[in-house]
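Here is the structure we will look at, set down as structure tokens.
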Amino acid sequence: MESRTQVGIVGAGPAGLVLSHLLQREGIDCVVLEDRSREYVEKRVRAGVLEQGTVDLLTELGLADRLHREGLVHQGIELRFDGEGHRIPFEELAEGRAITIYGQQEVVKDLIAARLDAGGPLLFEVDDVSLDGIDTDEPTIRFKHEGVEKELHCDAIAGCDGFHGVCRPSVPDGVLSFNELEYPFAWLGILAEVAPSTDELIYAPHERGFALHSLRSPELSRLYVQCDPEDSLEDWPDERIWEELHVRLARDDGWTLKEGPLVEKGIAPLRSFVAQPMQYGRLYLAGDAVHIVPATGAKGLNLAVADVQVLGEALTKYLKGGDGSLLDAYSDACLRRVWRVQHFSWWMTWMLHRFPDDDGFQRGLRRAQLEYVCSSRAAAATLAENYVGLGRDW
Ligand code: FAD
Ligand code: DHB
């Protein structure tokens, strides 16, 4: 069965869904295709930190009512080591900009509900997605839905299907260059039914490995421990996770970590990755489909949203006015920010983790950087302004 749309969007993560709303606002037709079920994507626990720019865009699109009701606005984070906390105050160092804690799956739920309410096509559980003719003016997406083979003819395709998707591998060999760094550790993340033991996020470097105390709501805590990338969940019974968290997050002043039943547990690798350019023919790649940052900087979701903000404007100019100049410049317009965020995420990861092959020199450098960030206003401001987001000029 054949059909037509202006923009075919592959993937209903934050990138694909935000793009669909940006296009819908401009009256541009698009179809979103997602290979998982609605229930699965709405339950997938991932990011939790939204930059000011992400919140502002969702607000402008009329998609942030629940976010403003339930999201937690934070004006700082704590770096904790050697039993002491050091606060990085955003209100002083980042011109009052803040972050909002609101789970990625809550953002995804809100965006899906609004899209379906507006009658926009969003198909779940599509199979066998493949792209054809991406170097022509009528690229096509082939897929199967409810047992029926379909062909969707488009003016452009947005590849928003994450790191393991099909869009990036559809670009012919030799076109993209790949830049990658794998880290010799992973994060074990848990969601626990217990009131957070902290008001602000705690990033804790420790000789046994990094730990992070984050949160989701007044009743739900989100915590991470650095682990070996080869570890499996069987290596980490609940008692071991709590024991490591107690040791790595310890503070000398009697602060204690509250424990609660775990409702989610998962291991995620840490990776830096950029494929460039971010476009080929009429295929435009956005978000995790084309770059990955290690989670330490809390940037992946925000970078995905920033990409599609640029792409939405460029597609609008092309499809409404026939002017393709912004589309041609899409990759260059994004890559400057992508590399800035890559650097920040790498730097935070380098500074805060224990690397298994560390020698005394590397340990000394890491320690010097950490102490500098905690004692110099200029160094702390660098962390703060990158963490809250440098704004859309980058
Ligand atoms: P995705 O969210 O991966 O969406 C891609 C979608 O495409 C998925 O729904 C997938 O099912 C679908 N798909 C895949 N293949 C196909 C196909 N063939 N056909 C159709 N659909 C397909 N980022 C932050 O900003 N802040 C944080 O605090 C943070 N913490 C994180 C913690 C963890 C543990 C992890 C794993 C990630 C974290 N991130 C964080 C990163 C963030 O979650 C991602 O960067 C973000 O999900 C990227 O959005 P996306 O839309 O590009 O990709
Ligand atoms: C969370 C995830 C991150 O990667 C991070 O740096 C901070 C917080 C979170 O899931 O809350």
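Both counts, for ligands and for their atoms, begin at 1 and track the order of listing. By convention here, the first residue in the shown sequence is residue 1. All values reported here derive from a predicted model rather than from experimental measurement.
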### Query
Which option, Arg46, His291, Arg44, owns the non-hydrogen atom nearest atom 3 (O) of ligand 1?
Arg46
### Main-chain N/O of Ser197 paired to His213 side chain as donor or acceptor, under 3.5 Å
yes
### Task
Answer with side chain, backbone, both or neither: which part of Cys160 has a heavy atom less than 4.0 angstrom from an atom of ligand 1?
backbone
## Note on the structure
among protein heavy atoms, the one nearest atom 11 (O) of ligand 1 is Glu34 OE2, 2.6 Å
### Task
If you have a sec, work out which protein heavy atom is nearest atom 1 (C) of ligand 2 and how many Å separate them, to one decimal?
Tyr224 CE1, 3.8 Å
### Query
Would you say ligand 1 has an N or O under 3.5 Å from any N or O of Pro14?
yes
### Query
Looking only at N/O atoms, are Gly162 and ligand 1 under 3.5 Å apart anywhere?
no
### Message
If we set the cut-off at 4.0 Å for heavy atoms, which region of Val41 has an atom near ligand 1: side chain, backbone, both, or neither?
### Response
side chain
### Task
Can you pull out the closest protein heavy atom to atom 8 (C) of ligand 2? Residue, atom name and distance to 0.1 Å, please.
Val49 CG2, 3.5 Å
#### Entry: Those atoms of ligand 1 less than 4.0 Å from some heavy atom in Gly13
2 (O), 4 (O), 6 (C), 9 (O), 51 (O)
### Proximity of His164 to ligand 1 by residue part, where a heavy atom lies under 4.0 Å
neither
## Note on the structure
closest protein heavy atom to atom 3 (C) of ligand 2 is Ala295 O, 3.6 Å
### Query
Hey, is ligand 1 close enough to Arg222 that some N/O pair sits below 3.5 Å?
no
#### Entry: 4.0 Å heavy-atom contact, Tyr224 with ligand 1
yes
### Message
Counting only nitrogen or oxygen atoms and a 3.5 angstrom limit, does Ala298 reach ligand 1?
### Response
yes
#### Entry: Neighbour count >12 (heavy atoms, 6.0 Å) for atom CD, Glu207
no
### Message
Can you confirm whether more than 12 heavy atoms, excluding those of Phe178, are under 6.0 Å from its CZ atom?
### Response
yes
### Query
Should we say atom CG of Asp199 is surrounded by more than 12 heavy atoms from elsewhere, each under 6.0 Å from it?
no
### Query
Taking the minimum heavy-atom distance to atom 11 (O) of ligand 2, which of Gly189, Gly103, Ser214 ranks first?
Ser214
### Query
Which bit of Leu201 is near ligand 2, meaning a heavy atom under 4.0 Å away: side chain, backbone, both or neither?
side chain
### Query
Looking only at heavy atoms of Met348, does any of them come nearer than 4.0 Å to an atom of ligand 2?
no
### Task
Looking only at protein heavy atoms, identify the closest one to atom 42 (C) of ligand 1 and say how far it is in Å.
Gln104 OE1, 3.4 Å
#### Entry: Gly189 touching ligand 1 at heavy-atom level, < 4.0 angstrom
no
### Query
What's the shortest distance from atom 14 (C) of ligand 1 to any protein heavy atom, and which residue and atom give it?
Asp161 O, 3.1 Å
### Query
Is there any N or O on Ala304 that sits under 3.5 Å from an N or O of ligand 1?
no
### Query
Between Gly287 and ligand 1, is there a nitrogen or oxygen pair with a distance under 3.5 Å?
no
### Query
Is it the side chain, the backbone, both or neither of Arg46 that has a heavy atom closer than 4.0 Å to ligand 2?
backbone
### Task
Check whether any N or O atom of Trp187, backbone or side chain, sits under 3.5 Å from an N or O atom of ligand 2, and answer yes or no.
no
### Task
Write out the residue and atom name of the closest protein heavy atom to atom 5 (C) of ligand 2, then the distance separating them to 0.1 Å.
Tyr203 OH, 3.4 Å
### Message
Please work out, at 4.0 Å between heavy atoms, whether the side chain, the backbone, both, or neither of Val10 comes within that distance of ligand 1.
### Response
side chain
### Query
Which one of Val107, Val305, Asp288 has a non-hydrogen atom at the shortest distance from atom 48 (C) of ligand 1?
Asp288
### Query
Taking heavy atoms and a distance under 4.0 Å, where does Ile292 meet ligand 1: side chain, backbone, both or neither?
neither
